[in-house]
Undergrad: 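My questions all concern the structure below.
In what follows, chains are A, B, ... by sequence order, proteins preceding strands, each numbered from 1. Every heavy atom of this structure was used, including side-chain atoms; hydrogens, water molecules and symmetry mates were not.
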Amino acid sequence: MSELQRILYVEDEPDIQAIASLALETVGGYTVKTCASGEEAVREAEAFAPDLILLDVMMPGMDGPTTLEALRGIPALVEVPVAFMTAKVQPSEIAHYKSLGARDVIAKPFDPMTLSDEVRRIWKAAA
Amino acid sequence: MRQQWSGSVERGLATLALALLAVAGNFFHLPLLFGLDFIFGSIAVMLAVLLLGTLPAVIVAIAGGLYTLVLWGVPYPMVVFVIEALVVGLVYRRWLYNVVVADLLYWLVIGVPLVLLFYRGLIGMDWEPTTMIALKQAVNALFNTLIASLLVMFWRLLRRGEQASRLGRPSLASLLFHAMLPVTLLAGLAPILHQSYQQRDEQEAFMVERLQERAESLSERLASDYREGRVRYDYHLRRVQTREDLGLAIVSPEGRVLASRGDVRSVLEASDGQVETLDRELSIWLPDGSMSAVGRWGQGAYFVAAPVGLVPDIEQVYAEMPAAPVVRALEQQRVELFALLTVIVALAILVSAALSYAISRPLRKLDAVSAGLSSDIAAGRSPELPESRILEYDGLARTLREMSRQLVASFRQQAQARSELESEVQTRTAELAQTADQLQAVLAAASEFAIVVTDRDGLITLFNPGAEKMTGYAADEMVGQQSPVLFHVPEEIAARAAQLSAASERTIDGFRAFVEIADREGAETREWTFVRKDGMRIPVSLTVTPQTDKQGNISGYLGIAEDITERKAAEQALRESEKRFRDATQQLTLATEAAQLGVWDLNLTSGRLDWDSGMFRLYGVLPRDFGHHADDWRRALLPEDVEHAEASLETILERPGTPREFTFRILRGDGATRHIRAMAQAITDAAGVVVRAIGVNEDVTERIEAERALAEQALRTQTIIDNIVDGIITIDRDGLIQSFNPGASRIFGYTPREVAGRNVSVLMTGPDRESHDVYLRNYQATGNRRVIGTSRELQGRRKDGTVFPMEVSVSEVRQHGEPLYVGVVRDITERKRVERMKNEFVSTVSHELRTPLTSISGALGMVASGALGVLPEKVGEMVTIAQRNSERLTLLINDLLDMEKIAAGKLHFNMRAEPLEPLLAQALESYRGYAEQHQVQLVLDSGVPGVAVRVDDQRLLQVLANLLSNAVKFSPPGGSVRVSVQALNEPTEGVRVSVADDGPGVPDNFREQIFGKFAQADGSDSRTKGGTGLGLAISRELVEHMGGRIGFDSVEGVGATFWFELPLARDTDGHPSSSEPGSGCGRHATDL
């Protein structure tokens, strides 16, 4: 795992999903797999074998923390770093997400031009 | 333990010593009778029996026996001796305390039969020697036992004191026995020894006579031959030898044997033996050898040497006969003698024992009886003392009996005397106790009188309950410790002392001031003032009497004091009453004038009415216009009140003696209508006929009008209170509900009657309910307020138990000196609901807005960045505008959310002590890019390096971001924004962080609203400068939440300085903490 390449991105909002994956693919040059729900992510994740997982927090059905817990139950993905993408970025909220096992939190709205760099920074910090 | 051990060692050593002594005693032997040697080993054995016990005695006997075993080669003596030690030891220790008798019994019963058995039965000796051995051993043993017993007896007699009692004192019987036995034995032995020696002498005399005769016969024959000139040695020898065992020898002067016949060993074998001369003529030759003396004697020979005169060739002739026949004869006699000796010894022992026992018997009896003598005497019994046939014993018993009898009598007398004395003491004690009880009862009962007894010097010895009550001091703290001076007025004592000193011309002070007169005159009664323990003073009448002893000397003083407060008060009251009486008239006048009363007096007999000046003043009538008639009064009445007033007066006249009151209106002389209250009383003459009426008038117009106004006011107030929407509740100092208006009833569902007098906490819920009483008391005690004087939101509880939010304002009023708390309660359920809805709305809207905004700003960002392809210039411009505004919308929503959180109290503050400077540097660093974009320089000028503040660092950064963003935004290009820190000393220790810019400053007309929500100085500004208008409002909330304050200084057109102040972080000691030592001095600037 010398270089970040494969990102699993879970987001229920199609517009945000489109923009973020575009930004990650175009600006960062990553291979991005998008999932519209936590359930889908849990189904697809192992097969995709991501280097990093980005999770929206507020989603219908399985929300971000529940999805994270489910992903952690898959042995092959135990070591894969996970970051939340959320508008809830109060210090206490960030601390809460980290305590759940997330490496970091990316604030919404995000800057599409710097998103790739931020993702890379999180991945490097986890490596 | 140790003592026991050392005792054992001692006994071991003693046993060893006696064992050695036994060997030595057996080694040393003494010939007693013909051929009999006494040995002394058994002395040691008997000493061991007497001093150490049976087992040591047996050990000692074995040691002594070993010696005889070696010496004689037979084991029997040892066996006999060892059994002797064992048996005598046991018998002596168990039954017979006379060792000699015990030994005698042993030899009679066991010892002699054993010897006979051993020597006759086992060895096969003849009866005679066997008997001899048995008797000799018995006698020898008895003698040794006697010697041992005597030694111990002497030793015991020589010891004194404790040692003697430890060893045991010898009894008289024992003493007598030991004294008697040797004497008896010596007396018995002497004739036996004498006879023994006499027998030998007889035998030897016979021998010497025969040998002498033979020798002389030979000598004469030889002399006769010589005279005849013949030498016939053998012939003569043959003729002279009359028996075969006679030996003869003729010896020349040279000692040569000239001729001999028979055995002449004394001459022929002189060198093989020794010669002893027994008396002048007889000698005995004894052969050498290891035989016993008797053995040698038996093989020896008696001889006589006779000189032969005239014959030159012959020196002496010898006649010799063997000693064996003599020895045999003597031995035969010796058995008899020994048997006799044994009998004597046994008899002597038995007789001595019996005699000593008999002689000491009366004394023993006496001793036994006298042991109980003292207890008999003490018990008053006459002791029974034995009589004796012996004069001295009887005399002693008689003397003792007489003494005892006298002692008994004396004891009885003493006992009786003691008993009588005890009885008398008991009676006296009871009498005294009764007297004391009576006295105590009197003292206690005299509770209205202080009774104090002192000694001569004034020290209190008795302080009755009356004194305790009167002075407030307890008897315990007074008796034996204080003088009555303690509860008197010192000045009063001093004054009295000075008075007495002057009269008697000598110095009298202190306690003497109380007793001087009593000493002289027998008693003194005088008024004094007592000072109670609590400081109160009471006048008393004190009577002091001296107390004298039997000799008439003063031994102390008795003081009896009576509280005369009431008497004094009565006297005072009387005096005052007299004075009042004297001043009555004057006072009445003054009183009526002061009270603006008028006094009238109607004489019914004459019909004359008199008024005082007060009446004229009240009615506005001049005295000269007054006709002294009741009609004058009637005319002044308001027409509509005439009937009522007259009827009232009539009633009074009908019922004399009872003062009555009535009111009416008058029309004064000046035309004014006044309300008059009248009080009147009818007075009768001796016959009971009403003759006079006296009364007073008072103008009560003002009072009546004031009452009316007050009633109207109260009605108005009550109407307001009854109709007001808010609940108004008053409670007293204990929290009990006094009033409860209809508004409160509507809010809480209780009627006023239901809650009146109940604790107001019934209207509360949860912790407020429990702590309300405590809070109220705490407030009353300390003045610490929490609710009173302010408005608070609390939870209320309705009658049906439902809980609702209410706003309560409580104020305190005072009524009749008592606090009264007025609470105004407003049900804010609806208000709360609206607030909640609003906040939820803002929150929801903000969150919902953010989702599409993320898409919009993200999409625009992607397009504007050119990452998706180059845009035409106009399109790029438009996209940039759209992107900028979407960013602004994001900021606005963030700020709105912050405001909503602050308002809802949901904003969490993580307060910690943080070094200020790094936070400032961080804030400046994050705005550097923004500042460069605006061509503005950021400068940090920290005047207080190292200082720490107590903040939430993220919130502080948010405030700094707002202030920096504003400052940069409003600064002209090329300008600078300066951030500085100053220490504050007043009013509390803290720091002020200032952000100064070179911008246009704050317009004067905007100063008031600048920290309000959505406040921006100018609409056009908002477009050019951006911002939500919430930054400063949020900053103010954040700073105030962190315990600081925010503000600004600005001159329009010159620039603005926004600042906030924060308290310093304090360590546990309350000192401002700092992140580095030596902070607070010097300034340094950092150019960023």
Undergrad: Of all the residues in residues 111-119 of chain A, which have a heavy atom that comes within less than 4.5 Å of a heavy atom in chain B?
TA: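 At a heavy-atom separation under 4.5 Å, chain B is reached by A:P112, A:M113.
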Undergrad: Supply the atom-to-atom distance A:I19 CD1 to B:M862 CE, rounded to the nearest 0.5 angstrom.
TA: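 Those atoms lie 8.5 Å apart.
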Undergrad: Looking only at heavy atoms and a cut-off of under 4.5 Å, which of B:N894, B:L853, B:T851 has the most pairs with chain A?
TA: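 The option with the most such pairs is B:T851.
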Undergrad: Below 4.5 Å from any heavy atom of chain A, which atoms of B:L868 appear? Answer side chain, backbone, both or neither.
TA: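 Contact with chain A involves the side chain of B:L868 alone.
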Undergrad: Kindly give the heavy-atom pair with the smallest separation between B:S855 and A:I16, and that separation in Å.
TA: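 Looks like OG-CG1, 3.1 Å.
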Undergrad: Looking at side-chain heavy atoms only, is the closest gap between A:D15 and B:P852 below 4.5 Å?
TA: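 Side chain of A:D15 against side chain of B:P852, heavy atoms only: no contact under 4.5 Å found.
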Undergrad: Go through the structure and list residues passing salt bridge (Lys or Arg N to Asp or Glu O under 4.0 Å) with A:R6, not counting sequence neighbours.
TA: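 Counting only residues at least two positions away or on another chain, A:R6 forms no salt bridge (Lys or Arg N to Asp or Glu O under 4.0 Å).
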Undergrad: By a 4.5 Å heavy-atom criterion (distance strictly below it), what part of B:T890 contacts chain A: side chain, backbone, both, or neither?
TA: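 Contact with chain A: side chain only.
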Undergrad: Within a 6.0 Å radius of atom CD on A:E25, are there more than 12 heavy atoms belonging to other residues, nucleotides or ligands?
TA: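 Buried by this count: over 12 neighbours within 6.0 Å.
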Undergrad: Take a 6.0 Å sphere around CZ of A:R103 and say whether it holds more than 12 heavy atoms from other residues, nucleotides or ligands.
TA: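 Not buried by this count: 12 neighbours or fewer within 6.0 Å.
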